[in-house]
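Within every chain, numbering begins at 1; the chains are lettered A, B, ... in the order of the sequence lines, protein sequences first and strands thereafter. Worth saying up front: this structure is predicted, and the values here are computed from it rather than measured. Computation of the quantities below employed the complete heavy-atom set of this structure, encompassing side-chain atoms and omitting hydrogens, waters and symmetry-equivalent molecules.
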Protein chains: 2
Amino acid sequence: MNRPVTTIKQIADASGVHPSTVSRALDPKKRHLVAADVAERIVSQAEALGYQPNRLAANLRLGRSDLIGVLLPDIANPVFAPILGGIAETLSAEGYAPIVADAGNATTQQISFVETLLSQRVDGLILATVSQDDELVGFCIRRGLPVILVNRSEARDRVSSVVSDDDLGMQLAVDHLAGLGHRHIAHVAGPLSTSTGALRRDGFVRAMAHHGWRGVVREAAGYTREAGARAAAALLDGEATSQPSSLPTICSPSVCSTC
Amino acid sequence: MNRPVTTIKQIADASGVHPSTVSRALDPKKRHLVAADVAERIVSQAEALGYQPNRLAANLRLGRSDLIGVLLPDIANPVFAPILGGIAETLSAEGYAPIVADAGNATTQQISFVETLLSQRVDGLILATVSQDDELVGFCIRRGLPVILVNRSEARDRVSSVVSDDDLGMQLAVDHLAGLGHRHIAHVAGPLSTSTGALRRDGFVRAMAHHGWRGVVREAAGYTREAGARAAAALLDGEATSQPSSLPTICSPSVCSTC
DNA sequence: CTGAAAGCGCTTACAG
DNA sequence: CTGAAAGCGCTTACAG
């Protein structure tokens, strides 16, 4: 870094005191340990020199980074924009900053991102990437790295998560379509290995059953336009799949007279 | 940080060599300075202990952070999702990580975010927030902090920017509507203090003029749904504004017989 | 090829 | 109330 940065030592020299005194004067919680006039002199000297404390140094000493890693499966997916917004807002209010990684859905790649974050000494992780039984969550738990989930949850609740009510969502969607007079409704489900895929599928089947109907479900290979298009095409070709065994059998237009 | 982390010294102790030798063995570029067998022993020892170099410490020494600050005016706006995606992808390929800040449009707040980033010793800044003559850009230039712009640009090109071709975009939009048979076209412009607001407005007027038409323009107070709604309502009420003096006068439905 | 030491910029016991 | 010193975990000249 070739641009000039002011250090505590420079302020100490300029103020004619010991660096430790500068450090105290500049810390609101320790300022009371310094004579009022000396503190004031130091503070104005610091301002004059445009002092910005080096948090890299402070954090090395304090064993933290003030950084929270955020792992997203697809950062370019607008779903995550407001989620990231909430994360950034709350973190910055608490003195933290988010360091975001577009980690995809492959566990090995995710772990490599986490190792990078670990070497940056992130203080915790927010994962939007998890599968129903997520390897990375186990990894974090074993390393003692604080972690919470957003967007998707695990099947067993090892850690806290913030997710939407997919069951209610599907109920509202089905009821809305039913209200418009539709009867033959199909659902392109997200990957059933994710909580969102499975819960929305279940919610759809349940909501349809509530109307006395059987829905058609087709699982998409991923949360992408391409996978959605393939699933929709398959659906139109009469291939339906993926019914949960505990729920009513799902029919396909080609085999079921109800649809 | 209460979770255990391995250090170079620990590896040195476990391998019976001096820390500096460990440091060399672990750095691919310096490994050749170490006897092959010793290097191998150290490397496997490091793996066994799950060593993750502390980049906080390394970077303090090296005077960098491997962090690039990204300032967005509204992180919850999906426009920025793919932009952030491209930034994250390229940065991580180069060994950097983005630290994103939702800094809004107010300069004072933006500067306070930048001061935080500065104390984290970011190696550079990407601004998606700039106005046509941006105070923050001047601030960064004065501090010698590398900065580039995305999404919006300044009127004078003090620093590099990556933006879309708004003139072409408006031309395509107007031609599309014209092709559908529309003749009376209004444009809700973004704030004219931003390059996007001004350039799209200009592009719209130019594209309309190309068809021999005069367009109606209404400037919105900001890039929000609410501001857009207010501008559209005003437009419907017959209030049009904001023509650039160098371009044809813009009419309003209430005063112009052409519209 | 290896070791001993200094130093990045902080913070915090420990003395006085 | 203030100073002197150690140490966070690295990297890199400087010796040998």
Pairwise 5' ranking along DNA chain C for A57(B) and L33(B), keeping only the more 5' one: L33(B)
Taking T194(A)'s backbone N and O only, do any of them form a donor-acceptor pair with R152(A)'s side chain (distance below 3.5 Å, no angle check)? no
Using a cut-off of less than 4.0 Å, is there contact between a side-chain N or O of S23(B) and OP1 or OP2 of dT11(D)? yes
Could you tell me how far apart N59(A) (CG) and dC8(C) (P) are, to the nearest whole angstrom? 19 Å
Counterpart base for dA13(D), defined by Watson-Crick or G-U wobble contacts under 3.5 Å: none
From dA5(C), dT2(D), dC10(D), pick the nucleotide closest to the side chain of S20(B)? dA5(C)
Nearest-Å distance, NZ (K9(A)) to C1' (dC8(C))? 10 Å
Return yes if some donor-acceptor pair links the side-chain N/O of D134(B) with the main-chain N/O of S131(B) below 3.5 Å, else return no. yes
To the nearest angstrom, the CZ-P distance between R55(B) and dC10(D) comes to 13 Å
Calculate the interatomic distance between R121(B) atom CZ and dG9(C) atom P; express it in whole Å. 8 Å
Options dG3(C), dC8(D), dG9(D), nucleotide nearest the side-chain atoms of R61(A): dC8(D)
Would one find a side-chain N or O of Y51(A) under 4.0 angstrom from OP1 or OP2 of dG9(C)? no
Basic-acidic side-chain contact under 4.0 Å: E226(B), R230(B): no
For dG3(D), does the base pair up with any side-chain atom of R24(A) as donor and acceptor (N or O, under 3.5 Å, distance only)? yes
Is S112(A) reaching over with its side chain to a backbone N or O of T108(A), donor-acceptor style, under 3.5 angstrom? no
What is the distance from CD of Q120(B) to C1' of dC8(C), rounded to the nearest Å? 17 Å
OP1 or OP2 of dT12(C) less than 4.0 angstrom from a side-chain nitrogen or oxygen of K30(A), does that happen here? yes
What is the separation between atom CG on L49(B) and atom P on dG9(D), rounded to the nearest whole Å? 14 Å
Figure out the CD1/C1' separation between I8(B) and dT11(D), and round it to whole Å. 8 Å
A35(A) side chain: which of dT2(D), dT2(C), dG3(C) is closest? dT2(D)
Gap between atoms CG and P, on N54(A) and dT11(C) respectively (whole Å): 10 Å
Within the 4.0 Å heavy-atom criterion, would you say T21(A) contacts the bases, only the backbone, or no part of the nucleic acid? sugar-phosphate
Side chain of S15(A), backbone of I11(A): donor and acceptor closer than 3.5 Å? yes
Examine dT2(C): is either OP1 or OP2 under 4.0 Å from a nitrogen or oxygen in the side chain of H18(B)? Give yes or no. no
